[in-house]
Participant: 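If you scroll down you'll find the structure; I have some questions about it.
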Amino acid sequence: MGHLIAVVGGKGGVGKSVFSANFALSYLLNIKQRPLIVDLDFQSLGDQNIILGLNPPKNIVDLTKTQVPQWDPKTLSPFMLNAPQGFSFIGAPRDAAQAREIDAEGLGKFLKAATQIFPWVVVDCGNGLEPHVGKVFEQATAIFVIGTPDIIVLNQTRRIYSKLQEYLVPPEMIQFVLNKQSPQQVITPAIVQKNLGRPVFHIIPEDTGVAESSLSKSAPFMISAPTSALARSYSDLVRKIDQSKLFDQLAKINKSAIQVKSATPPASDAQALADTGDMFGRSRLGNLDPWTTMKLRVHRALISVVDMKKMSTDLADPSQKNVVRERTQKAVLDILEKEDLSRICPTRELRMQLVKEVLDEALGLGPLEDLLADDTVTEIMVNARDQIYIEQLGKAKVSKVTFSSEDQMMNVIERIVTPLGRRVDEKTPFVDARLQDGSRVHVIIPPLALRGPTITIRKFPKKRITSKDLVDFGSMTPEIADFLRSCVEAKLNVIVSGGTGSGKTTLLNVLSNFIPANDRIITVEDAAELQLGQEHVVRLETRPKNIEGEGEVSIRDLIKCCLRMRPDRIVVGECRGGEALDMLQAMNTGHAGSLTTVHANNPRESLGRLETLVMMAGLGLPLKAIRETIASAVNVIIQQSRLSDGSRKVTHISEVVGIQGDTITLQDIFIYKQEGLDKNRKIVGRFVPTGFIPKFVEEMEAKGMKVPRGLFTVKGIAS
C-alpha cells in the first residue's frame, strides 16, 4: 500500500507546483522507488507540464471519465507518461472548460487504485478549494501546505486550514512547509509559526537562480542541479520523513478502521442526559451507545452557541439554507475540536459521518435524510426513536438508523409541520402534512402514542411516474394503459379503489396526466401530493383548525369552491367522508371526466364504501337515491391492489353499467388472474379481458376515438 501526498498552496506563486515535482523526484533519487505525479491544479492548467518538460496527450479529466473494471498499469498507460528518469506523470487539462467536466467519483476510484500501484503518489492540488480535491484529501496520507514568508500568503494559508477543517483532516496530517526563505526576510519562521498557530515542518531556502534555470530547461532542479542547496533541502526533507516513519504513522491514524460498539456511556454523561425529561414527564433516554451520547453532547453545546430560533427562521428562506448550513457546520467543528474523539471516531470517515448526522438532525430531518435520498425506499415508518422500519422493493424491514432522542424527533416533526402552518402538540397530538418533495407525512405523538412520537412517511417519487413506468413495473400492460388513456380523454368519471399503500394516489396521478392540456383542472387534497404535468391547473389543499379551534377548511368546502371556478376536470385526492356526495353531484352536473380514490378491497365493495360515505354527509338521503346517484355518476372503477409479494397491480377494471331494482350493476372489463409463484416467490399471473365490451365504447367511437374491439376478446392480452 503506497502513500498519497497532497500538496496545496496558500496562494498563487508560493511554488507549490515546483515543490510537488521536486518532492516526488527526491523520493525517486533517495528512496529509489518510482513516484507518480498527478496535476490537479485547474487554475494553472499545465504548469506542471512546463516544470517536468512533458506534454501528455491525455489528462486527468479524460481518465476520470473513462469506465474500466479496475485501474492497473495497462489501463493507465493511455493517460500516463513514463519519463526516462524513472517517474510517471498524469497531467491537467489545458482547457478550463474541460477541467469543469472532471468526474469526482471517477477521481476517487482512480486515487484509491493508484496507491495500490505506486509507492508514492504526489498530487498537485492547486489551492485545494475545488470540490473534487476533497477526493484527494479522503485518500491522502499527508497534506503539505506550501507558503512563503509573506503576510498575505499567511492570511490565505489560514483559509486553507479552515477548508481542511471542514474535511475533518486530523491536524497531525497537515504539515506546513515554508518555501523561499532567506536570512534577509523580515518575517522569520518563528513569526510564521506564531501567525499560523502551527509548527513549520520544513524550511526550503530561496535560490532564484537555480529555480529559474531549471524552469528554462524544463527540467526539475532535483535532476538538473542535484548538488544545489535547493536539491539538498528536498533530500533532507525526504530523509527526515523516512527516518521518523512519519507517513507510516499517519497512515495508521487515517486508515485504521473501527467498529463503534454499543456500550453504556460514562456515568456523568448518561446521568446528565437521562435527567432531561420530555413534556410528559417521561425520561426520553435509556442506555445509549457512545456514538449517540457524543451526538447529544454536541447538540447541547450547539444550542448554547447558535440561536436556534433564528436558525429555523433562516432555514425557511431557500436563499439562506447554504449559509445556515456552513455557519452551523463551523460551529459543530469548533465544538468537536474540544472533544476527545479518539475512542468513538478516530478515523476521518467516522468524524465526517458524525458531523453529517449532527447537521442532519440540527438542520434537516435527522436519520430520515438518508432514507429519503434512497430511491429504493418507498415508505418510512418510525415506531419509536430507536425503531425505524422501511419499505424497500415492496418488503418491510428494520432500518439500521435511529434517532438520538425523542427531543430530536420532535425537532424534526416541528421542521416538517411549521412551514405548512400546522402544529402538533399535546392539545392536537396528530397531524397530516407533506414534505417539500410532496411526500405524505402522518405524525402522532404522546399521550396518544405510548412509545413516543410516531412518524409515517409515504415517499413521493422524485421522478413523475408515467403509464410507461407502470407498464415496466408490471402493474398493467400497454394495452390497458392505452384503454385507460382513452377513458380519461373521453371524459368518463373514474374512481380508483384500493387498500392502504396499494398505489391509488400514484395511479390517480398517472390518470390525471392523461387529461388534455387545454382543460382547466382543479385538484382538491388533504395534503397536496399530485404532480400534474399540465399548465392549466389549480391546486387546493385543506386547512386544519387553528389554536383557537377555528378556521378549518375541509375537502367538502373546497369541492364547493371549485364548482364556482369553472373546472373542466375535478380531481379529488381521496374521498373519505361526506365529500363523496359533493363529488358525485359534481359528476352528475356537468363536470364529466372527474377522478377520485376510495378505500376498498374490490370494485363491488367500493360501491358500498361510496354509499357509506354519502350517508356521512348527514342529509338523510334514502339508500335507493344514493345508489341511483352513484350509478349515474360513476362510469369506471379501477381496482389497484398490493399483492402478497409486494408488487402492485391493477387487478380489475370494471364498468358501472346502471341500476336494476335496488342493485347497482357492475361488469368487469379486465382482471388480473394469478397463476402461482416463481422460484423467487414472486406472483405469476396474466391480465385478461372478460369478453365484455363496455357500453361507453360506442360513445367513445361516436366522438371519433378508435378503440379496437379485439382488445376485449379473451385472447386479447397476454401477461
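Worth saying up front: this structure is predicted, and the values here are computed from it rather than measured.
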Participant: Determine the minimum heavy-atom distance between Arg385 and Glu406, stating which atoms define it.
Facilitator: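 Scanning both residues completely, I find the closest heavy atoms to be CD-N, 4.0 Å.
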Participant: Can you tell me how far the CG atom of Asp374 sits from the CD atom of Glu369, to the nearest 0.5 Å?
Facilitator: 13.0 Å
Participant: Ignoring hydrogens, what is the shortest heavy-atom contact between Pro189 and Gln181? Give both atom names and the distance.
Facilitator: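 For Pro189 versus Gln181, the nearest heavy atoms are CD-NE2, 3.8 Å.
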Participant: Any donor-acceptor pair under 3.5 Å linking the side chain of Gln193 with the backbone of Val200?
Facilitator: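 Yes, the answer is positive, given that a donor and an acceptor are paired below the 3.5 Å cut-off.
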Participant: When you check the gap from the basic side-chain N to the acidic O, do Lys356 and Asp370 get nearer than 4.0 Å?
Facilitator: yes
Participant: Rounded to the nearest 0.5 Å, what separation is found between the CD atom of Glu105 and the NZ atom of Lys135?
Facilitator: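 Taking CD in Glu105 and NZ in Lys135, the distance rounds to 3.5 Å.
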Participant: Check for a donor-acceptor pair, side chain of Asn22 on one end and backbone N or O of Phe221 on the other, with a separation under 3.5 Å.
Facilitator: yes
Participant: Would you find a donor on one side and an acceptor on the other, under 3.5 Å apart, between the side chain of Ser26 and the backbone of Ser235?
Facilitator: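 Judged by distance alone, no pair lies under 3.5 Å.
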Participant: Heavy-atom count check: over 12 atoms from other residues, nucleotides or ligands less than 6.0 Å from Lys240 NZ?
Facilitator: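 For Lys240, atom NZ is crowded (more than 12 foreign heavy atoms under 6.0 Å).
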Participant: Can any side-chain N or O of Thr64 pair as donor or acceptor with the backbone N or O of Asp103 at less than 3.5 Å?
Facilitator: yes
Participant: Give the ring-plane orientation class for Tyr27 versus Phe247, where under 30° counts as parallel, over 60° as perpendicular and anything between as tilted.
Facilitator: parallel
Participant: What's the separation between atom CD1 in Ile143 and atom CD in Glu172, rounded to the nearest 0.5 Å?
Facilitator: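 If I round to the nearest 0.5 Å, the distance is 11.0 Å.
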Participant: Out of curiosity, Ile187 CD1 to Thr148 OG1, how far, rounded to the nearest 0.5 Å?
Facilitator: 8.5 Å
Participant: Of Val123, Val61, Ile102, which meets side-chain contact (heavy atoms from CB on, under 4.5 Å) against Leu107?
Facilitator: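 Exactly one candidate clears the test, Ile102.
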Participant: Start with the C-alpha distance between Leu36 and Met80, add both sets of side-chain angles, then the distance that settles side-chain contact (heavy atoms from CB on, under 4.5 Å), and finish with yes or no.
Facilitator: CA-CA 9 Å; Leu36 169 66; Met80 181 174 68; 3.9 Å; yes
Participant: Run the side-chain hydrogen bond (donor to acceptor under 3.5 Å, both in side chains) check on Asp62 and Gln98 step by step: do they pass?
Facilitator: CA-CA 9 Å; Asp62 297 322; Gln98 187 188 12; 2.9 Å; yes
Participant: Is there a donor-acceptor pair closer than 3.5 Å between any side-chain N or O of His202 and the backbone N or O of Ser233?
Facilitator: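 At least one qualifying donor-acceptor pair exists.
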Participant: So how far is it from Tyr161 OH to Arg198 CZ, rounded to the nearest 0.5 Å?
Facilitator: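 Tyr161 atom OH to Arg198 atom CZ measures 5.5 Å (nearest 0.5 Å).
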Participant: Quick one: closest heavy-atom pair of Pro35 and Gly86, and the distance?
Facilitator: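 Scanning both residues completely, I find the closest heavy atoms to be CD-O, 3.9 Å.
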Participant: Let me see the working for Asn127 and Lys11 under side-chain contact (heavy atoms from CB on, under 4.5 Å), right down to the final yes or no.
Facilitator: CA-CA 7 Å; Asn127 64 11; Lys11 187 178 178 295; over 6 Å; no
Participant: Run the side-chain hydrogen bond (donor to acceptor under 3.5 Å, both in side chains) test on Ser88 and Asn82 for me, step by step, so that the C-alpha distance in whole Å, both residues' side-chain angles and the decisive distance to 0.1 Å come before the verdict.
Facilitator: CA-CA 4 Å; Ser88 299; Asn82 292 317; 2.6 Å; yes
Participant: May I ask you to test the Ile388-Leu371 pair for a side-chain heavy-atom distance under 4.5 Å?
Facilitator: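 Yes, their side chains come closer than 4.5 Å.
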Participant: Between Pro149 and Leu178, is any pair of side-chain heavy atoms under 4.5 Å apart?
Facilitator: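 Of all side-chain heavy-atom pairs linking Leu178 with Pro149, at least one is under 4.5 Å.
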Participant: So, do Leu164 and Val145 sit near enough that their side-chain heavy atoms are less than 4.5 Å apart?
Facilitator: yes
Participant: Does any part of the side chain of Phe19, heavy atoms only, come nearer than 4.5 Å to the side chain of Val14, both counted from C-beta?
Facilitator: no
Participant: Please report the C-alpha distance between Val122 and Phe144 in whole Å, then the side-chain angles of each, then the deciding distance to 0.1 Å, and finally whether the side-chain contact (heavy atoms from CB on, under 4.5 Å) criterion is met.
Facilitator: CA-CA 10 Å; Val122 179; Phe144 282 108; over 6 Å; no
Participant: Ignoring hydrogens and geometry, is there a side-chain-to-backbone donor-acceptor pair from Gln249 to Ser244 under 3.5 Å?
Facilitator: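 Confirmed, Gln249 side chain pairs with Ser244 backbone.
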Participant: Hey, are the side chains of Tyr234 and Leu25 touching, using non-hydrogen atoms and a 4.5 Å cut-off?
Facilitator: no
Participant: Looking at Asp242 and Val238, would you say the former's side chain and the latter's main chain have a donor-acceptor pair under 3.5 Å?
Facilitator: no
Participant: For a side-chain contact (heavy atoms from CB on, under 4.5 Å) check, start with the C-alpha distance between Ile204 and Leu230, then their side-chain angles and the critical distance, and finish with the verdict.
Facilitator: CA-CA 7 Å; Ile204 297 176; Leu230 271 179; 3.6 Å; yes
Participant: For the pair Asp41 and Lys16, evaluate salt bridge (Lys or Arg N to Asp or Glu O under 4.0 Å) and give the outcome as yes or no after the intermediate values.
Facilitator: CA-CA 10 Å; Asp41 185 352; Lys16 57 101 188 107; 2.4 Å; yes
Participant: Quick one: closest heavy-atom pair of Asp39 and Ala92, and the distance?
Facilitator: O-CB, 3.4 Å
Participant: Side-chain contact test, heavy atoms from C-beta onward, threshold under 4.5 Å: evaluate it for Leu365 versus Leu435 and give yes or no.
Facilitator: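 Yes, side chains in contact.
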Participant: So which atom in Cys125 and which in Val8 form the shortest heavy-atom distance, rounded to 0.1 Å?
Facilitator: CB-CG1, 3.6 Å
Participant: Is it true that Asp236 and Arg239 have a side-chain N and a carboxylate O under 4.0 angstrom from each other?
Facilitator: yes
Participant: Quick one: does Asp124's side chain have a donor or acceptor within less than 3.5 Å of a partner on Gly126's backbone?
Facilitator: yes
Participant: Taking C-beta and beyond as the side chain, do Leu368 and Val382 meet within less than 4.5 Å on heavy atoms?
Facilitator: yes
Participant: Using every non-hydrogen atom in the two residues, find where Trp71 and Ile117 come nearest and quote the distance to one decimal.
Facilitator: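 The answer is O-CD1, 3.6 Å.
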Participant: Do Ser17 and Ile51 come within less than 4.5 Å of each other through their side chains, counting heavy atoms only?
Facilitator: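 They are in side-chain contact.
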Participant: To the closest 0.5 Å, what do you measure between CZ (Arg34) and CD (Gln85)?
Facilitator: 10.0 Å
